[in-house]
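Quick caveat, the model's predicted, so the values are computed rather than measured.
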Amino acid sequence: MKAIRRFTVRTVLPEPLAPLGRLAANLRWAWHAPTREVFRAVDPDLWRAAGGDPVRLLGEAGADRLAALAGDASFAGRVAEAAADLDAYLSEPRWYQRAAAEAAAAGREAPPAAVAYFSAEYGLTSALPQYSGGLGILAGDHLKSASDLGLPMVGVGLLYRHGYFAQTLSPEGWQLESYPEVDPQGLPVTRLAGEDGAPAEVSVDMPDGERLAARIWVCRVGRVPLLLLDAMHEGNTPQMRAVTDRLYGGGGEHRLRQEVLLGVGGVRAVRLYCESTGHPVPEVFHMNEGHAGFLGLERVREYMESGLGFDEAVEAARAGTVFTTHTPVPAGIDRFPRELVRRHLAGPSPAVPGLPADRLLALGAEDHDGGDPGVFNMAVMGLRLAQRANGVSRLHGAVSRSMFQGLWPGFDADEVPIASVTNGVHARTWVAEEAQELAARLVPDSGEFTGPEGWRKVTGADEAELWHMRGVLRARLVTEARERLRASWRARGAGAAELGWVDGALDPEVLTIGFARRVPSYKRLTLMLRDAERLRRLLLHPDRPVQIVIAGKAHPADEGGKRLIQEIVRFGDDPRVRHRLVFLPDYDMALATALVQGCDVWLNNPLRPLEASGTSGMKSALNGGLNLSVRDGWWDEWFDGSNGWAIPTADGVEDPERRDDLEAHALYDLVENRVAPLFYDRDADGLPKRWLEMVKHTLVSLGPKVLATRMVREYSERLYQGAADSSRRLLAEGAAGARELAEWKRRVRTGWPGVRIQHVEVGGVQEAPQVGGELSVHATVVLGGLEPRDVRVEALIGRVGEGDRLEEPLAVVLEPDGGEGALLRYTGTAPLSRAGACGYTVRVLPHHPRLTCPVEMGLVAVPDPPQAMDDGIVLR
C-alpha cells in the first residue's frame, strides 16, 4: 500500500553526541572535509547509502549504534572538536571584518552592515535539491564564499516541495521527469518561529481577495542564513499552496506568483528575520537575475510608507540595489503579459499596495525601439530599480550592454551602465580532497591562494604524485559512471544478464573528456555528432583512444532539448562505442563533482556569444583538468594560449548548419592532433611531461582568478560598497538627498526637450593635423529652462568607422565661456592622439553629483541635424 504523504522523524541524540545535530544543521559540512569525516565515522556504509547527507544519516542510524558511539570517549572528543571548530569559524574575524577595521582607521566609509541576496534557486548540496543549473550553483557558491569572507549576508529564496525534476530515460532514450516530494523536516533547515512559538509567516495579497502566506525555513550556510519561503501549509488554499511546488514549473501566472513571493515576500521575510534575531539590517539588496525584481517594488512601498513620494522612494530604493543579469539572449528573460502583472500588482487587492498603477507598470515596460508594449519585462524592471548592474563575464557585460542599449537611447552600447563581475567557484566545494590535501601540504597558508605565488608553490609538487592523483580521480569517476550507467540501463528495462558490458565501460587509463550542462540548443550538446564516423574513430583509436562522459537535463517543456539528449543517447547505445561514450542521467551536484574532478578535459562548445559565463570548466581547472572550449563566457577572458585549447569559431558564417560543421571539424582536429597526442606522449617513467606542464601553468594562470572569494570581494568592493554609500547619502537627514534628487530629475526631464546644440566650431583642422596636436572646440548651447549646473557639455573625438560612427571616442568636458541671453558658449581642447580617419561631435548630458554615471537618465542632446565634420579629420 502506498503512503499518501511522506514525513521525517528526527533522531534524539545521546547527550555526548548532541553537537552532531548542530553540525548537521549548518551546511558548512558541505565544504569542510573534517566535519564530513566525523559523520562518516558514525556508520561508513550508511553514510554512503545516505549520499553524504548528515541529516539523513542521523535519522537512519540505529539507537544501538548511537549509544555505542556516545560511550566512545575518542569519538565524543572528535565531535566536540568539530563543534568547537565550527564555533570558531562562525565567530572569528575574517576578511570583511579586517577590511571594516582598516576603513575605520583610514576614515573611509564603513562597508555595508549587511547585504540581502535574492535568487530563485540555490545549489548548495545535493541534500538540498533547490537548484536546476548554473544560476543556482553560482548563488550557492556566492553564499558560501560570503560566509568564508565574513561578509554579513542574508540569502532569500523559495522552498520548493518538489525541487527540480529527477531525470530518467525511456528505452528509446527519451528524457522522463519525476518530481520526488521534499520533506523540510528531512532537510538541513529549521523553521523560524514567532514570539509565541508558532511558525513565523509573511503574507502577500493576491487577486480576488486571496492571500498567500509563506512560512520561513532557515538554512545555515556557514555564517550566512538563507531564508526559504514555503507556501505548502494548511493556512493556504490549495491554489496558493501550489505556488512553491516546483522550481520553474507551471505556466505564466504560476511563475509570476512565485516571483512576487520571492521579491515582495522575501523583503518582508528579511525584515521579520532581522527583527526577531537581531541580525544586522541589510543596506544593500542584490537581485540575482530578474526573478527577484519585485523586491524593488516592496522597497519602494516601504519608503513611501515612511513619507516619501513615489519618485523619491524609487531613488531611495535604487541607490541600495544591485542587479545581476545572467542571460545573453532576450528569450532567457522572464516577460509576463502586462495585464497579468496589473491584476496582481495594481488590482483591487495588490501585492504591493499604495503604488500608482501606471508608474509601477512603467518600470517593466518595453517602451524602447523594438519592445513589446503588451509585456512586463523583469530584467528591464531590475535595471530601472537598481543603480548598479552587471553581467557575469567581461564578454557577457558587452553582450548585455548591446542587448539593453534601447533603454539608453542615443548612447553607444559601450556607454550603457552595465559593468561585469566574472563568476567564480567555491574551491572547497568542488576541489577533490586529495587535491586540497596536496595543496595544503605545499602551501600551509591558504591566504596565499589569492595570488599567483601560492599557486606557483603548488606547481612544485612532484609530477609523479600529481599524475597519480589525476589517475585516482579518473578511476573514481569511472567507478561512479559505471554504477550510474548500470542503474540507468536497468531503469530503461535491461536485465542483469544484458549488462555485463558495463563492467568494462570506460577505462581509468584513457583520456577522459567531460561535457555536462543544461541542454538548450545553443549549448550544442550534439555538436560532437556532426561527423559521427570521425567521432567513432577518435573514440576507438588504437593508440590514442578518447572517452566522453556526458550529463545534462533539458527543461521539461523543451522538446528540442529532449531530442538532443535522445540523439546522444542513441549514439552511445551503439555496442561499438558504448564503452567509450556514456550519457549519465539525473545530473546533480554529486555527479557534477565527480565529473569536474575526474575528467582530464572539460569540453564546452556553445554558440558564441550565448554563454554568459559558465563555471564548470573553472572547477575542472582547479582539479588539474584542462579546458577545451569555444572562446565564450569566462574562457574568452582568461584563455592565454597555453592553459587549454580554444575551439575556433565561425562567427561570420550566417548559415547555422555550415557554422556547426566548421566548428565541429575544428573540435575534431584539436582532439585528434593536439589534445590526445599530448596526453599519450609519455617519458621513460610513464609521465606525460608536456601535459603536466600545461596543467601546472593552468593552475598558476587560472587559480587566483576562478575563485568565488575573488568574485565576492569584487562585488563587495565595486558594487556593494558603492550602493551602501549612495543609499546613506540619499537617506541622510530624513531622506533629503532622495527628495532633492527626485525633484531635480523631474525638473530635468520636463526641461530636456528645450535643450539643443545651436552651433559647433572647431579649430585646428584647417591644415593637416598631426598626432600630438589638439582641437579647439566651441559649442553654443541652448538650455531652455535648465541651469548650467544641470548639464555637462562634452566634445567627443575618435576614429571614424562604418557609417561615420565614432569608435571608442575620447570625451572632453567643455567649460562655460560666457554667452548672450539664452545662448551659452562652451569651450575646450581635445588632444589628437590617434592616427587615421577621425571625427568629432558634441553632446549635452544631465549632470548631478548624485548620479552614478553621466548616462544614467538616458538623456542626451546632440547637434540636430548633425553638423558636417569638415569631411573628417585625417591624423598623420
- Query: Taking the six-membered ring of W489 as reference, does the NZ or CZ atom of R482 fall below 6.0 Å from its centre and within a 45° cone about the axis?
  - Reply: no

- When rounded to the nearest 0.5 angstrom, what distance separates OG1 in T429 from NE2 in H32? 12.0 Å

- Query: Should the pair R544 and F679 be classed as cation-pi, given the thresholds of under 6.0 Å to the six-membered ring centre and 45° from the axis?
  - Reply: no

- Query: Is the NZ or CZ atom of R517 positioned over F515's six-membered ring, under 6.0 angstrom from the centre and within 45° of the axis?
  - Reply: yes

- Is the number of heavy atoms from other residues, nucleotides or ligands within 6.0 Å of CZ (R490) greater than 12? no

- Item | N/O donor-acceptor pair under 3.5 Å between H142 side chain and A708 backbone | no

- From CG (L699) to CG (L622), nearest 0.5 Å: 7.5 Å

- Starting at CZ of R690, measure out to CG of D683 and round the result to the nearest 0.5 Å. 11.5 Å

- Message: I'd like to know if the side chain of E663 pairs up with that of T649 as donor and acceptor (distance under 3.5 Å, no hydrogens or angles considered).
- Response: no

- For L57 and D43 the tightest heavy-atom approach is CD1-O, 4.1 Å

- Taking NZ, NE, NH1 and NH2 as the nitrogens, is one of them in D573 or R578 under 4.0 Å from a carboxylate oxygen of the other? no

- With side-chain contact (heavy atoms from CB on, under 4.5 Å) as the test, would you mind laying out the steps for E654 and R659 before giving the verdict? CA-CA 7 Å; E654 295 185 4; R659 177 171 179 167; over 6 Å; no

- Do any N or O atoms from the side chain of N605 and from the backbone of K523 form a donor-acceptor pair under 3.5 angstrom? yes

- Query: Centre of W635's six-membered ring, under 6.0 Å away, within 45 degrees of the axis: is that where NZ or CZ of R631 sits?
  - Reply: no

- Message: Quick check against the 3.5 Å criterion: does H468 have a side-chain atom that pairs as donor or acceptor with the backbone of A464?
- Response: no

- Message: Treating T125 as the side-chain partner and L128 as the backbone partner, does any N or O pair qualify as donor plus acceptor under 3.5 Å?
- Response: no

- Do you see a donor-acceptor pair shorter than 3.5 Å between the side chains of S393 and H396? no

- Message: Go through it in stages, so that I can follow the logic: the residues are R476 and E480, the test is salt bridge (Lys or Arg N to Asp or Glu O under 4.0 Å), and I'd like the CA-CA distance, side-chain angles, deciding distance and then a yes or no.
- Response: CA-CA 6 Å; R476 184 183 299 157; E480 177 155 347; over 6 Å; no

- Nearest atoms (heavy-atom pairs only) where K144 meets W31: CG-CZ3, 3.6 Å

- Message: Determine whether V601 and N627 satisfy the following criterion, side-chain contact (heavy atoms from CB on, under 4.5 Å), listing intermediate values before the conclusion.
- Response: CA-CA 6 Å; V601 174; N627 278 267; over 6 Å; no

- Item | Short side-chain donor-acceptor distance under 3.5 Å, T698 and N643 | no

- Query: Do L159 and R161 have side-chain heavy atoms sitting under 4.5 Å apart?
  - Reply: yes

- Nearest 0.5 Å please: distance from the CG atom of L628 over to the CZ atom of R674. 9.5 Å

- Validation row: L626, W645 side chains within 4.5 angstrom (heavy atoms): yes

- Message: Donor-acceptor pair, distance only, cut-off 3.5 Å: does the side chain of D685 make one with the backbone of L687?
- Response: no

- Is the side chain of D588 donor-acceptor paired with the backbone N or O of S126 at a distance under 3.5 Å, no angle test? no

- Shortest non-hydrogen contact from G186 toward D53: O-OD2, 4.4 Å

- Message: For W430 and D141, which I'm curious about, is there any donor-acceptor pair between the side chains at under 3.5 Å?
- Response: yes

- Do F583 and I548 come within less than 4.5 Å of each other through their side chains, counting heavy atoms only? no

- Query: Any side-chain donor-acceptor pair under 3.5 Å between Q436 and E434?
  - Reply: no

- Task: Could you give me the CA-CA distance, side-chain angles and deciding distance for Y179 and Y164, then say whether side-chain contact (heavy atoms from CB on, under 4.5 Å) is met?
- Result: CA-CA 7 Å; Y179 294 86; Y164 204 50; 5.9 Å; no

- Query: What do the steps show when you test R530 against E657 for salt bridge (Lys or Arg N to Asp or Glu O under 4.0 Å), and what is the final call?
  - Reply: CA-CA 10 Å; R530 296 296 292 187; E657 294 295 318; 3.0 Å; yes

- Query: For residues Y160 and E121, is any side-chain donor paired with an opposing acceptor at under 3.5 Å?
  - Reply: no

- Message: Regarding E172 and R492, does a basic nitrogen lie under 4.0 Å from an acidic carboxylate oxygen?
- Response: no

- Item | Result of checking L670, L662, L667 against P648 for side chain to side chain contact (heavy atoms under 4.5 Å, CB included) | L670

- N623 and R470: side-chain hydrogen bond (donor to acceptor under 3.5 Å, both in side chains), yes or no, with the steps? CA-CA 8 Å; N623 282 286; R470 289 296 316 145; 5.7 Å; no

- Message: Show, in sequence, the C-alpha distance, side-chain angles and deciding distance for R48 and D45, and conclude whether the salt bridge (Lys or Arg N to Asp or Glu O under 4.0 Å) test is met.
- Response: CA-CA 5 Å; R48 188 163 45 254; D45 293 335; 2.7 Å; yes

- Min side-chain heavy-atom separation L466-K696 under 4.5 Å: yes

- Task: Specify the closest pair of heavy atoms between T615 and G424, including all atoms of both residues, with the distance to one decimal.
- Result: CG2-O, 4.3 Å

- Message: Between Q566 and L169 (side chain of the first, backbone of the second, donor and acceptor by atom type, cut-off under 3.5 Å), is there such a pair?
- Response: no

- Item | Exercise: do D640 and S642 side chains pair donor with acceptor under 3.5 Å | no

- Message: Please tell me whether S132 and K553 have a donor and an acceptor in their side chains that are separated by less than 3.5 angstrom.
- Response: no

- Item | Any side-chain heavy-atom pair of Y131 and I137 under 4.5 Å | yes

- Message: Keeping T324 on the side-chain end and N288 on the backbone end, is there a donor-acceptor pair under 3.5 Å?
- Response: no

- Note on the structure: Distance col, row T168:OG1 vs F165:CZ, nearest 0.5 angstrom, shows 9.5 Å

- Message: Please give me the minimum heavy-atom distance between V329 and M403, naming the atom from each residue.
- Response: C-SD, 3.6 Å

- Query: Is the backbone of P556 close enough, under 3.5 Å, to the side chain of K562 for a donor and an acceptor to pair up by distance?
  - Reply: yes

- Task: Check whether any side-chain heavy atom of H579 lies under 4.5 Å from a side-chain heavy atom of L506, and answer yes or no.
- Result: no

- Message: Contact between L591 and L584 at the side-chain level, heavy atoms closer than 4.5 Å - yes or no?
- Response: yes

- Item | Presence of salt bridge, D681 and K689, under 4.0 angstrom | no

- Message: If I compare all heavy atoms of T325 with all of S400, which pair ends up nearest, and what's the gap?
- Response: CG2-OG, 3.7 Å

- Go through the side-chain N and O atoms of T422 and E637 and say whether any donor and acceptor fall under 3.5 Å apart. yes

- What do you reckon, are the aromatic ring centroids of Y680 and H541 less than 6.0 Å apart? no

- Atom pair CD/CG of Q175 and D586 - distance to nearest 0.5 Å: 9.5 Å

- Message: side-chain contact (heavy atoms from CB on, under 4.5 Å) for E433 and E37? Distances and angles first, verdict last.
- Response: CA-CA 11 Å; E433 291 178 22; E37 286 302 316; 4.1 Å; yes

- Is any side-chain heavy atom of R608 closer than 4.5 Å to a side-chain heavy atom of D636? yes

- Query: Any donor-acceptor pair under 3.5 Å linking the side chain of R580 with the backbone of L539?
  - Reply: yes

